[in-house]
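Note that this is a predicted model, so its numbers are computed, not measured. Values below: all heavy atoms of this structure, side chains included; hydrogens, waters and symmetry mates excluded.
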Amino acid sequence: MNVENQDVLLDLEGEEEEEEDDDNDDGEIVLELNQVIMPTYGTVPDQQNLHTPEWVDFDDKPDSLFFKDGQRRIDFVLVYEDESKKMTHRRSDRKKQKRKRQVYESNLINNGLQLEATRSVLDEKLIFVKVHAPWEVLCTYAEVMHIKLPLQHNDLKTRKSAFNWFSRLFRVDENIIKPEQEFFTAPFQKEHLSNFYIQDKDTFFNPATRSRIVHFILSRVEYATKNNVKKFGINKLLDTGIYKAAFPLHDSSFRHLSTDPSCPSERYLLYREWAHPKNIFKLQPLDFIRKYYGEKIGIYFAWLGFYTNMLTVAAVVGVGCFLYGYLTKDNCTWSQEVCDPNIGGNIIMCPQCDRACTYWNLTITCESSKKLCIFDSYGTLVFAVFMGIWVTFFLEFWKRRQAELEYEWDTVEYLEQEEQVRPEYEARCTHVVMNEITQQEEHVPYTACGKCVRMTFCTSAIFFWILLIIASVVGIIVYRLSVFLAFSSKLSQHVNGTEALRKYLTPQTATSVTASLISFVVIMILNIVYEKVAILITDFELPRTQTDYENSLTTKMFLFQFVNYYSSCFYIAFFKGKFVGHPGSPVYWLGKYRNEECDPGGCLLELTTQLAIIVGGKAIWNNIQEVLVPLVKNLIGRYSASARSEKVVPRWEHDYHLQPIGKLGLFYEYLEMVIQFGFVTLFVASFPLAPLLALINNMLEIRLDAWKLTTQFRRMVPQKAQDIGAWQPILQGIAILAVVTNALIIAFTSDMIPRLVYYWSFSVPPYGSHSTHTMEGYINSTLSVFNISDFKNESKPSSPWLGKQTTCRYRDLRYPPGHQHQYEHNIYYWHVIAAKLAFIIVMEHVIYFVKFIISYVIPDVSEKTKSKVKREKYLTQKLLHENDLKGVKKTMGKTADKIIKGADSTFRPKDE
């Protein structure tokens, strides 16, 4: 709609008169809303027609949140550098920037906002423009944005939990942060203003709602038109440097209470009762967080707190399984055989690489076999099954908790009614199409063909970058294969060597640790690259709403991070040591590098090492980065403003020197936690302590994130959010995949199945020689025999064999030399394969069946929440629509009585 700027004036008094004259004139209402809300594009008004902010001096009230008159509240602050004092741009560029800013501010005033400008106390080049939204503007936009506001107190009785006395010990003192009053709410309508619970017009719209409404206006006001291209919105002005910052104010310092008696000092209370480290074991004041920062921040901390609480159960069970393995490791028969000088000491193992490697004694792996007994125990199997069920309970109970928050925070019908189109999308709407439903023309940014081209390009780009990540993983694998040769030659392994260093630092261990460290560094570097790539691809897609944008970006970033973080773990778990052939006919990677072999005890310990380094390193790195980066930036800013201690500085200038939160908000915090969730669930069979590490990290993470928000960052623009968005289906996908990966780890990475097959079938006749089921002889039965004379020239060790033995052993289940099927897989191998496949099928089906039963039994929405929703809908209909009927009664007389009686019978509950 092309309307000239000077025509876009918000005449509030005229608007009220029009409504009184004809409330049912739909055409006028639609036209009025379009003029007020829709971005307007046309000719720029003349200089003399521009409205300018009111200029005032700072009144030396550092904690004031009002204009100089002390009556009008500051809802938003815009900061720009005085163009006349800029030295970094040409004069013509400075004039253009000044012109755009003046037009923008004039249009803000035309849209009903009130502006007041004040020069900086510390830097005379900076100008702070304070924005105030009057009552009529708030009411108008609250109706357009479908903001839910209170109708009356919630009169439903709440049943106290049986554990209420226990949870009270961990809750914030209600005398300090008072519980929020519960109201039934409805989308605001100006014509039904009298039905809403309004005690004070100044507090009816809380500061978070006021800021959200003002930001909605700031994002849709025009500042220029060039070649019919629409240019509008505060985001573009910030990107081009016309404004340096735009933010709502914190209400006080986090260090002390506000000196203004009318200020509730909510920021100070949040820091003291939520962000301070002393509160690490306390529950979060979620309603208070939501009130101050909005629903989007609130839902993140609600989810993180719920996830952390659920991790407590998983951590306890994981520690129990770990202790079981630790206490029973001395009874591990196969480890005792490895360490026994009469058994493992007499077993000579074949070289694990060509030429450079030599023969080695099995007892070298004694220490690693003892460690492996801790993790490769029956407790691990129990824990893997438990985690498959735990993750289902976590997701199902979170759905219930999320449904409660949706109702309590008025976001139940948010996505359908309230979310607005992104300004970036609106600005590109140049194509006209016919809506199949309404049969009306509407504007879209691209045609159907253009959309297909964009989707094809974006999909191709995503696959290209994923392949690039896989290429980096291949590089790490090549490093592992090549460096193993170097470690084998440097850490020379003689049969009778007993040096302490070689006892713990084998070539396999050295290769695994260094490769894990390099993999971690590569992961951190690639994260930075792929973050920018994902944002570029999503910007090119041009999603319609902010939720669509974040969901699209979430999917891309998770795909990148999933491959980046987990690919090395998948390689160790499911590929390393699985395709190695035998010493006489080894398998080569890329035709050059001989495939890696696992230790005689398997690759499980190496997978555990990889997980510990990545999970631990990632947690430490992220927390240090989250704390140090904003802290150092703020310290530099405070140091540069040396005059700060000598002058009284206003609240808006204090906040300006804090760090901006960034366009993506808490996106990276979500990503960090979901990646951690993957480590906790996907590979938990190899690392039962992962939930404990995650629990400790999350307890710190909650307070660190809270500390950042309250002390280091400017106040975020409050945003609505119905749920955790695209992260929910991602978590469900990880939960399903976790059952498969853990079953495969137990079956193919650990040695649990081969040990069980040996114990029940091959330790007794007809395959074994023992009279009873036992684990004795397991090591000897799982190491195949190879004749040294069968080495090929390119594989034969360069150092000659000095002993009298003519054979060596290797990890596999094959027939010995001299057998008619020599070096082919024996009957034990096929029994083990059959047992592994049977185990995977049984474990998956049992866990999936239990997951299905749990999902069916636990409803997504509790009965208490359903009752509240029904009660609220009833009251909304009764209060709002009944008043319309009463208005009709005045003009229709007795006829209206029948209508009202019919409405009463319709809206009255059945039990009345």
Taking [X] for its side chain and [Y] for its backbone only, find out whether a donor-acceptor pair lies under 3.5 Å.
X	Y	value
Arg703	Asn279	yes
Trp707	Gln712	no
Tyr292	Arg715	no
Asn235	Ser219	no
Ser265	Ser252	no

Could you tell me whether the side chain of [Y] reaches within less than 4.5 Å of the side chain of [X], counting heavy atoms only?
X	Y	value
Arg212	Lys720	yes
Arg400	Thr865	no
Tyr141	Val214	no
Lys864	Lys868	yes
Thr308	Leu695	yes
Gln728	Asp723	no
Leu65	Cys263	yes
Glu701	Met673	yes

Handout entry: Shortest non-hydrogen contact between Ala384 and Asn742, atoms and distance
Key = CB-CB, 4.2 Å
For [X], ring pair (Phe, Tyr, Trp, His ring centres under 6.0 Å) partners two or more places apart:
X	answer
Phe713	none
Tyr307	Trp303, Phe394, Phe677
Trp409	none
Tyr530	Trp465, Phe560

Problem - Approximate separation, where rounding is to 0.5 Å, of Glu143 CD and Leu149 CG - result: 11.0 Å
Practice task
Kindly state whether the ring of His256 and the ring of Tyr268 have centres lying under 6.0 angstrom apart.
Solution key: no
Practice task
Report yes if the distance between the aromatic ring centroids of Phe667 and Trp727 is under 6.0 Å, otherwise no.
Solution key: yes
Practice task
Mind checking side chain to side chain donor-acceptor pair (under 3.5 Å) for Ser552 and listing every partner two or more places apart, or none if nothing turns up?
Solution key: Glu541, Lys556
Problem - Sidechain N-carboxylate O distance under 4.0 Å for Glu273, Lys282 - result: yes
Problem - Pair Arg290 + Asp287: basic N to acidic O under 4.0 Å - result: no
With distance as the sole criterion, is a donor-acceptor pair present between the side chains of [X] and [Y] under 3.5 Å?
X	Y	answer
Ser855	Glu396	yes
Thr209	Asn206	yes
Thr392	Lys851	yes

Is the ring pair [X]/[Y] parallel, tilted or perpendicular, if the boundaries are 30 and 60 degrees?
X	Y	result
Phe397	Phe393	parallel
Phe188	Phe204	tilted
Phe852	Tyr856	parallel
Phe183	Tyr197	tilted
Trp274	Tyr293	tilted
His276	Tyr271	perpendicular

Fill in the blank from the handout: With sequence neighbours left out, the residues meeting side-chain contact (heavy atoms from CB on, under 4.5 Å) with Asp655 are Phe247, Leu249, His250, Arg267, Arg651, Leu658
Fill in the blank from the handout: From the list Ile234, Leu218, Ile213, Leu113, side-chain contact (heavy atoms from CB on, under 4.5 Å) with Phe76 holds only for Leu218
